[in-house]
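Worksheet: one structure, shown below.
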Amino acid sequence: MYNIKVRGVLIEGNKGYHDITRDITSPILSKTAPTWWRISAFIASAMLIWGMWGFYNTIAVGLGTWGLNNSVSWGMAIINFVWWIGIAHAGTAFSIFLLVLHQRWRTSINRAAEAMTIFAVLAAGMFPMIHMGRIWNAFFVFPYPNTRGPIWDNFNSPLFWDVTAIGTYLTASFLFWYVGMVPDFASIRERTVSKIKKKIYGILSFGWLGSARGWLRFETAALLMGGLTAPLVISVHSIVAMDFAAGIVPGWHSTIFPPFFVVGAIFSGFAMVLTLMIIVRKVYKYEEYVTRRHLDAIARVLTFISLIMAVSYISEIFVAWYSDSPYELYVFFKNRATGDYAFEFWAMITCNTIIPQLFWFKKIRKNIALVFIISIFINIGMWFERYVIVVTSLSKTWLPSTWHSYTPTITEIAIFVGTMGFFIMGILLFLRYLPMMAMSELKGVLKETSIVKENTESHE
Amino acid sequence: MEKKYWQSLEIYDEMKKNSVSDKEAMPEFSIDGLDESEIKGKSSRRDFLKLMGFSVGAVVLVSSCQMPVRKAIPLLNRPKGLIPGVPNYYASTFFDGEEYCSILVKTRESRPIKIEGNDLSHISQRGTSARVQASVLNLYDDVRLKGPVKGGSQSDWKTIDKEIKGKLEILKNDDKEVILMTSTIISPTTRKLIGEFVKAYPNVKWVQYDSLPMSAMRKANEVNFGKAVIPYYHFENADVMVGFNADFLGTWLMPVTFSRQFSKGRKLKDGQTKMSRLYQFETNMSLTGSNADYRYEIKPSEEAAVLLKLYNTLAKKTGNTVVAAPAVKTNVTMLANDLLKAKGKSLVVSGTNDVKIQLLVNAINNLLGNYGKTIDLNTAVNLKQGLESDVMQTINGIQSGKVGGIFFYNVNPVYDSVHKDKLTKALKKLPLKVSFATTMDETAQLCDYVCPDNNYLESWNDAEPIQGFYSFTQPTIRPIFDTRQFQENLLTWMGVDQSFSDYLEKNWQTNFFPKQNTFTDFDKFWFKCKKDGVYYIAAKEQSQPAFKAGKLEAGKPKAGALEVALYENISMGSGRYANNPWLQELPDPITTATWDNYVTISPAFAKAQGLKQEDVVKINGKLELPVLIQPGQTKSTIGIALGYGRSHAGKVGDGVGKDVYGLINNSDGLNNLLGSTVKLEKTSKTYSLALTQMHQVMEGRPIVHETVLRSFIKNPTSGNEAHVKFLKTENFSLYPEPKFDAFQWGLSIDLNSCTGCSNCVISCQAENNVAVVGKDQVRRGRIMQWIRIDRYYSEMADNPEVFHQPVMCLQCDNAPCENVCPVAALSHSDEGLSQVAYNRCIGTRYCIANCPYKVRRFNWYEFVNNNMFDYNMNSDLGKLVLNPDVTVRQRGVVEKCTSCQQRIQEKKLLAKSEDRELRDGEILVACQQSCPTDAIQFGNLLDKKSMVSRTNDTGRMYHLLESLHTLPSLSYLTKVRNKKA
Amino acid sequence: MNNQGQILGVFDDPDVINTAVDELLRNNIEIKDVFSPFPLEHVWEKLNLKTRIPYATFLYGAFGTIGTFAFLYWTSVINYPLIFGGKPTDSLSFVVLMFVLAILSGVVFTFLTFIVREKLWPGKNAKMPDPRSMDDKFVIVIEKDKEMDEAAVRKIDELLRKNGAVEVNMSNA
């Protein structure tokens, strides 16, 4: 009576509700962390410590320790900032878009993706701060009542929009993430035997009961928050794009930037999700949850997006040519395509538009190792894209007398590596102490038939 | 708070007086504070010192010298004319033995902080040079000796006097010669004093020493006119100027004066369409060459031949006898025609110290009848009086043992003499060696006694740079250290109990006062002299001496050999300012290099030799220098700047660059910068140079607009098409035009007058407390100077045209920088200035990224009190040069040109307190104030009659990168070259 | 009403519980609540539960938009107008911030509303009728009140078992 198949199973190896609970909570409830976890934690913290040295060096000695100069006043810091923000988009893109679109296959990935968002945004957030050198003045950015007039802020500065957008994005995605975890905290609370864990997860679970009314409010709130956060995926990176597009620097001042950046962000975000999930499903034996179908789906999406990227690059160059402005022409044709920055430019093109095309072949999509490598390439390519945008444009602007080159210093690299360490550390802690998949949602999609009823009802 | 009533009339008057005296408490150009006592007479100096008391106190405290503290008088009652916070200006004179300039010294709380040009001087006419501007920093240099030194250790004047007097007596008795080696001395009073000193000690022989004399010119003039003089030139009267290796706009003889004259002849304001033409024949690309209308590359050995060819061409056309001449390919026919058209209104000069060449130059000038018109032999220039022969004699004298003692005043032959090695060896034998150097320089550290001289800002003196033109030096601060003026020493050792100031005054009373008849009272006369700083006694008209032909000849140009052309550059000159960080960091206007000297080679030569920029080459197998590829450098020649490689300059200057005085060509006994030939071999090493400009050409962008005189006369907007196009098609905006009600400050730069002398850069640095960042930071593109003089080449080929373009903040009305600052640290004032609130800036550097002109500077480090940057801002003494009206920026803050906000404010307040309108031209911003060519105008754009508005009101006006619609308040005027096409 | 304890019908299949709920409702037995490890949309409809959170959220968003505009206008036009790059002080670009901050206030206040309405707070001590409903069980809770006699209770018990309850527990107050 109930066994009408309406779609392929989302979770393989016919599991029961209890199996799900067990599988997801076991890493959290186990007393000791696995060896691979400790090793990677060690490496991550090493990276983190080097990064801290970079921070110290910048704050104590001054920004002179970076490779910037009075022509190229933005460098690695901004590049990495945009890069991380881009990666941060995966989480929201996944969970929220797919939630709003009732794509139920997302359930086994979205939690991890959201976690990625949180840590990526935090990593990104460090750069604008350290970028100023005197971070203790950062609070000037807030329009707090002051005795200087009071001077408020310049609310038309894209940088101010940026601060607001990033702040909002962090808050919103964190809350969304947390709300999603509340029921799972509750099940851990009920499941664990250790006193401390019971206490901690009890606090985290806010005393969640899982009553019908509770679930109703829960679902509604989650849907609303998700729906509200969805536009942020667009707006945040559009605003980051405006940092450049609102400037008059040739190579920046372009109306295509906001959509171009958003797409790029989702591109890099999905790639990063792919990278992480491939690792996670391997080390946690979650192949049944993160199935090949998932990876395949992401790969297809990436192929599509990389084509959009290609179009953006081409139209950018076309507009430069069409504008017939000597400055634009110089940036795109002399400086980028054939000039001092040809390598970075072509690296970007190759990694972002050519390599992903391999996903057209089913064989490659099926080969996890290749998929993994390609996802890495995309991440690198996106980094180069930001490098090309920031550095090539600034190094050769309007007056040739002011042209100057830029090479990052060890301090800048240290800071970048440090944020990577921070990110990895964050993910590791997440894997160890938080339910890395939404149990309640998994259970929701366990039985195909539960959908049937929904469908019939929606037909009436 | 009980009310105050005046009890009696006296008190009432008292009150009124006070209020009056407060009114007059306003800054103004005067030696206000001196005058009263001056006019009363004798006791002037003591009053002056009293007035200095306070500052001395401050200075004494910081400068760890042995000055008794009781001299630090707190201002219990304000000295007249000294109002804390209000600057006083003192007319004075800058003369360092080589360069003359009449100046005003700006003092705040009685400490000199800025040098300005004195417009009463008709020689330097308010202009200054970079070196003059920077000289104020030497006053606060830590390496200055704090007191007399005996045998390398601190001593005191009493013992010094006793011992030197004693030794002088001894040498007098067993009459050994004593050499008094001084720099050229143009002070009539000092000359008189030295004369008396020589009378007192007949065994003393006075020798004037110049590291780079102009003896050849004197000799030539002696041959041709029987007068061994350097004539005074009038470039402003010349329609055609020809320079042969004479960088008269940069370093030759009187650059400030000549720049002023040069620009006079080329101004195109108020519809004037006449413009002189400059031909330059030179080996290196010099500043003058970069401003030439026609520039020819010649090898040093070709100069004579080219001159002779020119002479012959002229002779032919004027029907004079032709002289046999070696062949040179340089074409001079066009020049010859131009010169003949401009007979009597032309001028040929050569900077080469070679009698043959100077005779040729004289002959040509004589053919053209320039004497009495553009060349004035009767008003001789008193600079450069040194003769190589005297130095040679001295050295021989010492070696032969004829000489028993030597005094060095304001010279450093052990560093900058051609015969330094001989001299050093010789000096060892001498029983008495005394130096008056202010620092332990190469010469001083070989002397038994060093009697440190005052800085010129602490001294009294007079000067006669050219015949009949007098100029005065007066102290603007009490000697900071236990130093004593050279002249005082002589007086003491002669046993005359008189201060030099009194001696000076007496001398003027007896010898000069009678010569004039405008003043009857000497005190009034003397006061005026010091108030104006200059005094001119008109010489009676007399005809030029007759011309006696000399022998005209020219050697064959050397073939194949690699010839050196040494040169002095704008900043270092002969090297006496090596310890001045401002000058060390001043980018060379041609190469834009700082902190080094280098070998300039032509692109062709570089290709031939396979040399790249910054490759190190070995010269004559010992001297290693990096190469710099210099378009315009004559092929198979190299240029190297003198004045580097000091070993005892101080912590800033030591070991910067390499010393090349050894390469001077002394073959015929004269120090000739040109002509020695060298071997040059490539090494595997490279050495990084700190250039401020990496890209040399304009990439076809409308940055410097230029045209030629012809098309300008036809159409005033020629060359300025970009601007016309802008007005027609591009001048619109989403937003309403910005409006200003009272003032809109505007600056206009005439690219036709600007020679790129870089004086404004230092002037700005001094005025606005701009930090020195050192070679490494300059290399990283972090130089802080607010004015950048962009230099473009027409193309990177050989012998290109050169453009100089000063760029400071353009104060855009639609400033891109303001839009993007998140914290509102940047905003637009209602007077059209783009303002920065330093203490609000958080250093996002978005404004720098978004400034199309890249005129904004970021403080990458704390440049103050930071041992990483051990320059004047890291020393308590050095900090005294800071301008209290301008904030010293801290780390992490973006700074930029403010259009001298503080000066605008000062004058506005003055006008307000005098209850009148602000006069046009009353505000002089720092760069404009000292510009020797008046290329910069500043004023109110809303006032259509203001100088700047009238200057802008020509077809030549344009804004930089107009198509961006940033609406800058700074405008440029098209460069016009006086070329045929 | 005076609590006499509860009847807990424990199921282990979300579809089975549907039919059970139907049955109970048909026998007009008042279901107090249903505890489940994941949301059961159709159960809400059967118990016709409603929530007004969406309206609240709309208000928060509106407040965010208007409040932001008011603040921006006051600071940069009225209170301290500064000229940046020759642009008017009341600028169209306020829209950007209005949009972003509308979302911020929407999300934050919705979250707060959710935990307030649901009376959740960190460390609240949760009284689960049956902890297994956090794992793999679905629990129907029915109030026992005074006028409910043994017979009624047994009837409910049977109903539950007939409709696939794996077990039925009584909790006496």
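Residue numbers start from 1 in every chain, and the chains themselves are labelled A, B, ... in the order their sequence lines are given, proteins ahead of strands.
Using a 4.5 Å cut-off between heavy atoms, A:Trp403 contacts chain B through both its backbone and its side chain. With a threshold of 4.5 angstrom between heavy atoms, A:Lys396 does not approach chain B through any atom at all. Of the two parts of B:Tyr792, only the side chain, counted from C-beta on, holds a non-hydrogen atom closer than 4.5 Å to a non-hydrogen atom of chain A. With a 4.5 Å cut-off on non-hydrogen atoms, A:Trp252 touches chain B through its side chain but not through its backbone. At a 4.5 Å heavy-atom cutoff, the contact between A:Phe244 and chain B is made by backbone atoms alone. Only the backbone of B:Thr692 has a heavy atom closer than 4.5 Å to any heavy atom of chain A. Looking at A:Asp243, the atoms closer than 4.5 Å to chain B (heavy atoms on both sides) sit in the backbone and in the side chain alike. Only the side chain of B:Leu961 comes within less than 4.5 Å of a heavy atom of chain A; its backbone N, CA, C and O stay farther away. Neither the backbone nor the side chain of B:Asn866 comes within contact range of chain A; no heavy atom of the residue lies under 4.5 Å from a heavy atom of that chain. Neither the backbone nor the side chain of A:Ile78 comes within contact range of chain B, judged by heavy atoms closer than 4.5 Å. Residue A:Thr402 touches chain B through its side chain alone, counting heavy-atom pairs closer than 4.5 Å. Contacts of B:Asn850 with chain A are made by both backbone and side-chain atoms, with heavy-atom separations under 4.5 Å.
Of all heavy-atom pairs spanning B:Ala849 and A:Ser73, the tightest one is N-OG, 3.3 Å. Shortest non-hydrogen contact noted between A:Thr65 and B:Tyr861 is N-OH, 3.5 Å. Of all the heavy atoms in A:Tyr330 and B:Glu699, the pair that sits closest is CE1-OE1, 3.8 Å. Annotation for A:Ile248 and B:Leu964: closest pair CD1-CD1, 4.1 Å, computed over non-hydrogen atoms. Scanning all heavy atoms of the two residues, the minimum distance from A:Leu399 to B:Arg701 falls at N-NH1, 4.4 Å. The shortest non-hydrogen separation linking B:Tyr846 to A:Met242 is OH-O, 3.9 Å.
Within residues 777-785 of chain B, the residues having any heavy atom under 4.5 Å from a heavy atom of chain A are, by residue number, B:Arg779, B:Arg780, B:Gly781, B:Arg782, B:Ile783.
Atom OH of A:Tyr322 has 12 or fewer heavy atoms from other residues, nucleotides or ligands within 6.0 Å. More than 12 heavy atoms of other residues, nucleotides or ligands lie within 6.0 Å of CZ in A:Phe139, so this atom counts as buried by the packing criterion.
Within the 4.5 Å cutoff, no side-chain heavy atoms of B:Glu818 are placed close to those of A:Asn154. Residues B:Ile703 and A:Ser401 are not in side-chain contact: their nearest non-hydrogen atoms beyond the backbone lie 4.5 Å or more apart.
Contact count against chain B (heavy-atom pairs under 4.5 Å) is highest for A:Phe140 among A:Tyr406, A:Phe140, A:Phe155. When B:Cys821, B:Ser963, B:Gly700 are compared by the number of non-hydrogen pairs under 4.5 Å with chain A, B:Cys821 comes out ahead. With chain B as partner, the option from A:Leu159, A:Asn70, A:Leu394, A:Asp153 having the largest number of non-hydrogen pairs under 4.5 angstrom is A:Asn70. The greatest number of non-hydrogen atom pairs below 4.5 Å with chain A, out of B:Met698, B:Met694, B:Lys854, B:Arg791, is found for B:Lys854. Per-residue heavy-atom pair counts under 4.5 Å with chain B were compared for A:Met132, A:Arg134, A:His404, and the maximum is reached by A:Arg134. Considering only heavy-atom pairs separated by less than 4.5 Å from chain A, the leading option among B:Cys847, B:Ser827, B:Gly892, B:Pro852 is B:Pro852. Annotation: maximal heavy-atom pairing with chain B below 4.5 Å, among A:Phe142, A:Tyr327, A:Trp161, occurs at A:Tyr327. The candidate from B:Leu826, B:Ile842, B:Val820 with the greatest count of non-hydrogen atom pairs under 4.5 Å with chain A is B:Ile842. Each of A:Pro158, A:Pro128, A:Gly133 has some count of heavy-atom pairs under 4.5 Å with chain B, and the biggest count is that of A:Pro158.
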Show which side-chain atoms of residues 51-64 of chain A pair as donor or acceptor with protein atoms under 3.5 Å away, not counting sequence neighbours.
| residue | atom | partner | partner atom | Å |
| --- | --- | --- | --- | --- |
| A:Asn57 | ND2 | A:Thr411 | OG1 | 3.3 |
| A:Thr58 | OG1 | A:Gly54 | O | 2.8 |
| A:Thr58 | OG1 | A:Trp66 | NE1 | 3.0 |

